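Heads up, the thing below is written out as structure tokens.
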Amino acid sequence: DYARARNYAILALPIIKEIDDRKDLGIVYANLGEVNYLIGDYVQAKEHAEKGLEVCREINFRMGEGIILGNLGQIAWSIGNYDLAKKFAEQSLTIAGEVGDRLGETTVLKNLGDALLKMNNLEEAENAYTQALEISASLDQVKEILQAKAGLASVALKENTPERISKAEDLVDEILPHLESSGKHQSRVSCPLDVYMICLHVLQASEDPRAITFLKDSYQELQARASRISDPDMRRSFLENVSVHVELERQYTQALEIDD
């Protein structure tokens, strides 16, 4: 529950400040930024991330600095500043390499690929996603593997040739069995909903008959996740301010209108 996580962090802040634990202060600011990012409150997310970054730099907490730079890159991407997202991702990637954070590298390489994709640097985006896939596979991190494969599928889809769309379809076929659906498959992997959206776009582009069912399942997953957010304002932000959630809602509504 994002509301509970945010409340715990807010309650912890004055205690951590009182005991002057600078490392934990940086971590709490980072966590607050992450929660706000996930619900689409990008102004608060940026504010908290920047405070956390300042603290981590003051005490030379390099891993924390790298993680927050990656978070700032995600925030920049979400508000359409892809050049800045790329810059933050590259800085974060450098630090992840310095401190040996291999799992962090997979996340940042995926984020770098996302920025490059939006900038139409398809070859560089594919290279970033491929590196993310290789590292996550070596670490046996299933969620990160699926996110990297989704990134590669989005590159193939954007190239929009029959051969590349077929490649995107193959990647989606590898992803779909792992995705959870409305909490019914607890053993499956809980991926960000942008992975669902990429899969949906590929199914639609290839006129796959599974597309409409997958759209409905993805919408149910969105609503299930929203229902677990206890604070109504945070739930509304989650549904209305995160672009992929808005797109999923729009497509589902259109599908219902067509059915009628």
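These numbers come from a predicted model, not from an experiment.
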Exercise. Between Glu144 and Ser136, which heavy-atom pair has the shortest distance, and what is it?
Worked result: CB-CB, 3.6 Å
For this session: Look at Arg102 together with Glu105 and state whether they make a salt bridge at an N to O cut-off of under 4.0 Å.
Result: yes
Exercise. What is the ring orientation for His245 with Phe238, classed by angle as parallel under 30°, tilted 30 to 60°, or perpendicular over 60°?
Worked result: tilted
For this session: Applying side chain to side chain contact (heavy atoms under 4.5 Å, CB included), name anything that partners Tyr82, two or more places apart in sequence or on another chain.
Result: Trp77, Lys118, Met119
Problem set entry | Salt bridge present between Arg210 and Asp173 (N-O < 4.0 angstrom) | yes
Exercise. Under the 3.5 angstrom rule, does the side chain of Ser166 hit a backbone N or O of Pro162 as a donor-acceptor pair?
Worked result: no
Problem set entry | Check: Ser92 side chain, Phe88 main-chain N or O, donor-acceptor pair, under 3.5 Å | no
For this session: Decide yes or no for Arg164 and Leu157: does some side-chain heavy atom of the first lie under 4.5 Å from some side-chain heavy atom of the second?
Result: no
For this session: Rounded to the nearest 0.5 Å, what's the gap from NZ on Lys17 to CG on Asp21? Could you check?
Result: 13.5 Å
Problem set entry | Minimum-distance pair of heavy atoms, taken over all atoms of Ala89 and Val108 | O-CG1, 3.0 Å
Exercise. With a cut-off of 6.0 Å (strictly less than), are more than 12 heavy atoms of other residues, nucleotides or ligands near NZ of Lys158?
Worked result: yes
Problem set entry | Whether Asn111 side chain and Gln74 backbone form a donor-acceptor pair below 3.5 Å | no
Exercise. Is Tyr8 linked to Tyr2 within one hydrophobic cluster, defined over Ile, Leu, Val, Met, Phe, Trp and Tyr using a side-chain heavy-atom separation of less than 4.5 Å?
Worked result: no
For this session: Classify the side-chain pair Gln91/Glu65 by whether it contains a donor and acceptor separated by less than 3.5 Å.
Result: no
For this session: For the pair Thr106 and Leu103, evaluate side-chain contact (heavy atoms from CB on, under 4.5 Å) and give the outcome as yes or no after the intermediate values.
Result: CA-CA 5 Å; Thr106 68; Leu103 183 57; 3.8 Å; yes
Problem set entry | Ionic contact status for Glu163 with Lys167, cut-off 4.0 Å | no
Exercise. With hydrophobic residues grouped by side-chain heavy-atom distances under 4.5 Å, do Val28 and Ile75 end up in a single group?
Worked result: no
Problem set entry | Polar side chain donor-acceptor pair, Asp41 to Ser237, under 3.5 angstrom | no
Problem set entry | Same apolar cluster: Ile135 and Val195, side chain cutoff 4.5 Å | no
For this session: Rounded to the nearest 0.5 Å, what's the gap from CG on Leu69 to CD on Glu90? Could you check?
Result: 12.0 Å
Exercise. Salt-bridged, Arg22 to Glu54, with N to O below 4.0 Å?
Worked result: no
Exercise. If two hydrophobic side chains count as joined below 4.5 Å and joins carry through other members, does Tyr196 share a cluster with Val202?
Worked result: yes
Exercise. Would you call the rings of Tyr29 and His48 parallel, tilted or perpendicular if under 30° counts as parallel and over 60° as perpendicular?
Worked result: parallel
Exercise. Salt bridge check: are Lys86 and Asp83 linked by an N-O gap of less than 4.0 Å?
Worked result: no
For this session: For the residue pair Tyr219 and Tyr252, categorise the inter-ring angle as parallel (less than 30°), tilted (30 to 60°) or perpendicular (more than 60°).
Result: parallel
Seminar exercise, completed: For Leu239 and Val246, the nearest pair of non-hydrogen atoms, with its separation, is O-CG2, 3.7 Å
Exercise. Sub-3.5 Å donor-acceptor pair from the side chain of Asp101 to the main-chain atoms of Gly104, do we have one?
Worked result: yes
Exercise. Hey, any chance Leu32 and Val242 share a hydrophobic cluster, counting ILVMFWY side chains that come within less than 4.5 Å of each other, even indirectly?
Worked result: no
Exercise. So how far is it from Ile198 CD1 to Leu152 CG, rounded to the nearest 0.5 Å?
Worked result: 10.0 Å
Exercise. Looking at CG of Leu248 and OG of Ser218, how far apart are the two atoms once the value is rounded to the nearest 0.5 Å?
Worked result: 6.0 Å
Exercise. To the nearest 0.5 Å, how far apart are SG in Cys56 and CD1 in Ile95?
Worked result: 9.5 Å
Problem set entry | CG (Asp20) with more than 12 external heavy atoms under 6.0 Å | yes
For this session: Supply the atom-to-atom distance Arg57 CZ to Ile68 CD1, rounded to the nearest 0.5 angstrom.
Result: 9.5 Å
Seminar exercise, completed: Residues Ala85 and Gly73: closest non-hydrogen pair is CB-O, 3.3 Å
For this session: Answer yes or no: are there more than 12 heavy-atom neighbours, outside Lys110 itself, under 6.0 Å from its atom NZ?
Result: yes
For this session: Would you sort out whether Asp231 and Arg6 count as a side-chain contact (heavy atoms from CB on, under 4.5 Å), showing the intermediate values?
Result: CA-CA 10 Å; Asp231 182 276; Arg6 185 185 65 176; 4.0 Å; yes
Exercise. Salt bridge check: are Glu247 and Arg250 linked by an N-O gap of less than 4.0 Å?
Worked result: yes
